[in-house]
A.B. asks: 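I have a structure here, written as structure tokens, and I will follow up with some questions on it.
Quick caveat, the model's predicted, so the values are computed rather than measured. One-based numbering along the sequence shown.
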Amino acid sequence: MSQARLLARRLPQAPGVYRFRDDGGRILYIGRAVNLRRRVLSYWTHLGDRPGLARMVNRIARVEGVWCDSDHEAAWLERNLLEHTKPRWNISEGGQEVVGYIRFDANGPRFTHELGTTTKHFGPYLGGLRVRQAISALQRVIPLQYTTAATGSVREFAKLFGVGPDDRDSLTKAAYAVLDREPDAVEAVRAELVRRRDQAAGALRFEFAGKLQDELAAFEWIVAEQKVSLLTADDADVFGWADGIMVGFGLRGGRVRTWTQHAMTERAAHDRVAATPAGWQLFAQRNAELAARLLG
């Protein structure tokens, strides 16, 4: 059994990004996974009739990984890294998912491909369908679309939900709190979606329960921790150190563009680690410890 395969067993069973290098240190491939350990180990066990991939696997001398805080964060990190550099074995330059945002207009939250300057926006998010499903989930619980001074069916639905124009400000604030990932606001919407899904299943409305489950999964996607692609144009250098290895991430224009790791003494790494922004310190330290563990 190869040393790289043995060390891959030290990856966490958590979402993240992985990178393969050959014995000359060249990057062969960058990928992402919902479960890093399971995905990386599959390269040695589930290749099937993919001889091209088998050739790459035979050249893997080192496995590296980044332990992310969510599947969405891993998807964004993979995309950003591949936009910066495309290894030989990667076909795509940066992922296939559509990039989108949630903007608020007179009718509440809407999906958009581009940022505007006159309305409130949240994101960016990956996956147009997922974002639209998440908006549907949000609107089920926070029915902003029925707070307009409308007539006809909209007014009838407003009566059904017990809302009207006077509720617009409070419901808008509630929706903003959810998309800002305020824990109590997120949990309130999550709990209500789960309640409605289970109620539908209990009433044998399985198709509707499945629709609600899909919306719930999409909702979890957009409210999960995700800091590697931001609306802001922030620049920052992020460093973590453990057992002689320093890991670094370069945030440029609001996106993590680079991921490096080098042997370094604790003394040499001290100033850069100390200057790492507080919101990144746990992420950087965790991944420095992972890098050291994967070196064996």
Side-chain angles (χ1 to χ4, degrees), residues 1-47 56-78 80-82 84-85 87 89-90 224-228 236-251 256-296:
M1 186 178 294
S2 72
Q3 180 70 3
R5 182 179 178 184
L6 285 171
L7 291 175
R9 294 181 174 181
R10 300 180 182 180
L11 286 163
Q13 297 188 67
V17 169
Y18 57 93
R19 187 163 65 186
F20 297 143
R21 291 185 186 270
D22 65 16
D23 56 10
R26 292 177 291 271
I27 299 172
L28 298 171
Y29 185 81
I30 295 172
R32 79 176 196 243
V34 172
N35 182 315
L36 277 171
R37 185 188 305 172
R38 184 172 63 218
R39 179 70 183 102
V40 172
L41 287 174
S42 74
Y43 282 89
W44 283 274
T45 57
H46 300 299
L47 294 183
M56 181 197 74
V57 171
N58 289 334
R59 297 178 61 183
I60 297 173
R62 199 164 90 213
V63 175
E64 300 170 340
V66 177
W67 182 346
C68 293
D69 287 306
S70 70
D71 299 346
H72 196 185
E73 185 170 81
W76 262 120
L77 181 57
E78 179 201 40
N80 294 348
L81 293 173
L82 288 175
H84 184 266
T85 180
W89 297 90
N90 283 95
E225 172 73 14
Q226 194 287 99
K227 58 190 172 297
V228 300
D237 292 310
V238 174
F239 296 101
W241 182 93
D243 297 329
I245 300 297
M246 188 176 75
V247 170
F249 301 94
L251 183 73
V256 171
R257 301 289 188 179
T258 58
W259 159 30
T260 60
Q261 53 187 70
H262 306 285
M264 187 172 292
T265 65
E266 183 173 14
R267 182 174 181 178
H270 178 271
D271 288 349
R272 278 177 276 189
V273 172
T276 292
W280 285 93
Q281 289 173 2
L282 289 176
F283 178 91
Q285 181 60 29
R286 180 178 71 208
N287 282 298
E289 292 169 1
L290 175 60
R293 191 160 70 240
L294 290 173
L295 285 175

A.B. asks: So do Arg9 and Leu41 actually touch side chain to side chain, heavy atoms under 4.5 Å?
C.D. replies: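 Yes, their side chains come closer than 4.5 Å.
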A.B. asks: So which atom in Gly250 and which in Asp237 form the shortest heavy-atom distance, rounded to 0.1 Å?
C.D. replies: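 Shortest heavy-atom contact: CA-OD1, 4.2 Å.
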A.B. asks: Just by distance, do the side chain of Thr85 and the backbone of Leu81 share a donor-acceptor pair under 3.5 Å?
C.D. replies: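 Flag not set: sc Thr85 to bb Leu81 has no pair under 3.5 Å.
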A.B. asks: For Phe239, enumerate each residue passing the ring pair (Phe, Tyr, Trp, His ring centres under 6.0 Å) test, keeping only those at least two apart in sequence or located in another chain.
C.D. replies: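 Phe239: no ring pair (Phe, Tyr, Trp, His ring centres under 6.0 Å) contacts found.
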A.B. asks: Among residues at least two apart in sequence or on other chains, which ones pass side chain to side chain contact (heavy atoms under 4.5 Å, CB included) with Glu64?
C.D. replies: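 Once residues adjacent in sequence are excluded, the partners of Glu64 under the side chain to side chain contact (heavy atoms under 4.5 Å, CB included) criterion are Arg19, Arg21, Arg62, Trp259, Gln261.
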A.B. asks: I would like to know whether Thr45 and Arg5 meet side-chain contact (heavy atoms from CB on, under 4.5 Å); could you show each step before the answer?
C.D. replies: CA-CA 10 Å; Thr45 57; Arg5 182 179 178 184; 3.4 Å; yes
A.B. asks: Quick one: does Leu7's side chain get under 4.5 Å of Ser2's, heavy atoms only?
C.D. replies: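 No; the side chains remain at least 4.5 Å from each other.
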A.B. asks: Has Glu225 got more than 12 heavy atoms of other residues, nucleotides or ligands less than 6.0 Å from its CD?
C.D. replies: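 Result for CD/Glu225: enclosed.
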A.B. asks: Closest heavy-atom contact between Ala8 and Val40?
C.D. replies: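 That closest heavy-atom pairing would be CB-CG1, 3.7 Å.
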A.B. asks: Calculate, to the nearest 0.5 Å, the distance between atoms CG and CD belonging to Asp71 and Gln226 respectively.
C.D. replies: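 Result: 12.0 Å between the selected atoms.
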A.B. asks: Quick one: side chain to side chain contact (heavy atoms under 4.5 Å, CB included) partners of Ala224, sequence neighbours excluded?
C.D. replies: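 Once residues adjacent in sequence are excluded, the partners of Ala224 under the side chain to side chain contact (heavy atoms under 4.5 Å, CB included) criterion are Ser70.
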A.B. asks: Can any side-chain N or O of Asn287 pair as donor or acceptor with the backbone N or O of Val247 at less than 3.5 Å?
C.D. replies: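 No: the side chain of Asn287 does not pair with the backbone of Val247.
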A.B. asks: Flag the pair Glu73 / Lys227 as yes when at least one side-chain heavy-atom distance between them is below 4.5 Å, and no otherwise.
C.D. replies: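 Side-chain contact under 4.5 Å: yes.
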A.B. asks: Going by side chain to side chain contact (heavy atoms under 4.5 Å, CB included), name the residues that satisfy it together with Leu294, two or more places apart in sequence or in a different chain.
C.D. replies: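 Only Arg10, Leu11, Leu290 meet the side chain to side chain contact (heavy atoms under 4.5 Å, CB included) criterion with Leu294.
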A.B. asks: Which atom pair, heavy atoms only, marks the closest approach of Val66 to Leu36?
C.D. replies: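 Taking Val66 first and Leu36 second, the nearest heavy atoms are O-CD1, 3.6 Å.
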A.B. asks: Between OH of Tyr43 and CG of Asn58, what distance do you get to the nearest 0.5 Å?
C.D. replies: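 Interatomic distance, Tyr43 OH to Asn58 CG, rounded to 0.5 Å: 14.0 Å.
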A.B. asks: Nearest heavy-atom pair of Arg286 and Cys68: which atoms, and what distance?
C.D. replies: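 Shortest heavy-atom separation between Arg286 and Cys68 comes out as NH2-C, 3.8 Å.
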A.B. asks: How long is the straight-line distance from CD of Glu289 back to CH2 of Trp67, given to the nearest 0.5 Å?
C.D. replies: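 The distance works out to 9.0 Å.
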A.B. asks: Can you name the ring pair (Phe, Tyr, Trp, His ring centres under 6.0 Å) partners of Trp280, sequence neighbours left out?
C.D. replies: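 Only Phe283 meet the ring pair (Phe, Tyr, Trp, His ring centres under 6.0 Å) criterion with Trp280.
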A.B. asks: Locate the shortest heavy-atom distance separating Ala292 from Asp243; write the atom from each residue and the value.
C.D. replies: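 Reported closest heavy-atom pair: CB-CB, 3.9 Å.
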A.B. asks: Applying side chain to side chain contact (heavy atoms under 4.5 Å, CB included), can you list everything that pairs with Ala269, at least two apart in sequence or on another chain?
C.D. replies: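 Side chain to side chain contact (heavy atoms under 4.5 Å, CB included) check on Ala269 returns Trp241, Met246, Met264, Val273.
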A.B. asks: Hey, what do you get for CZ (Phe20) to CD1 (Ile30), rounding to the nearest 0.5 Å?
C.D. replies: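 Separation between the atoms: 11.0 Å.
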A.B. asks: Determine the minimum heavy-atom distance between Arg293 and Pro12, stating which atoms define it.
C.D. replies: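 Between these two residues, the closest heavy atoms are NH2-CD, 4.5 Å.
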A.B. asks: Output the distance between atom OG1 (Thr258) and atom CG (Leu251), rounded to the nearest 0.5 Å.
C.D. replies: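 The CG atom of Leu251 is 9.0 Å from OG1 of Thr258, to the nearest 0.5 Å.
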A.B. asks: I would like to know whether Trp44 and Ile60 meet side-chain contact (heavy atoms from CB on, under 4.5 Å); could you show each step before the answer?
C.D. replies: CA-CA 11 Å; Trp44 283 274; Ile60 297 173; 4.1 Å; yes
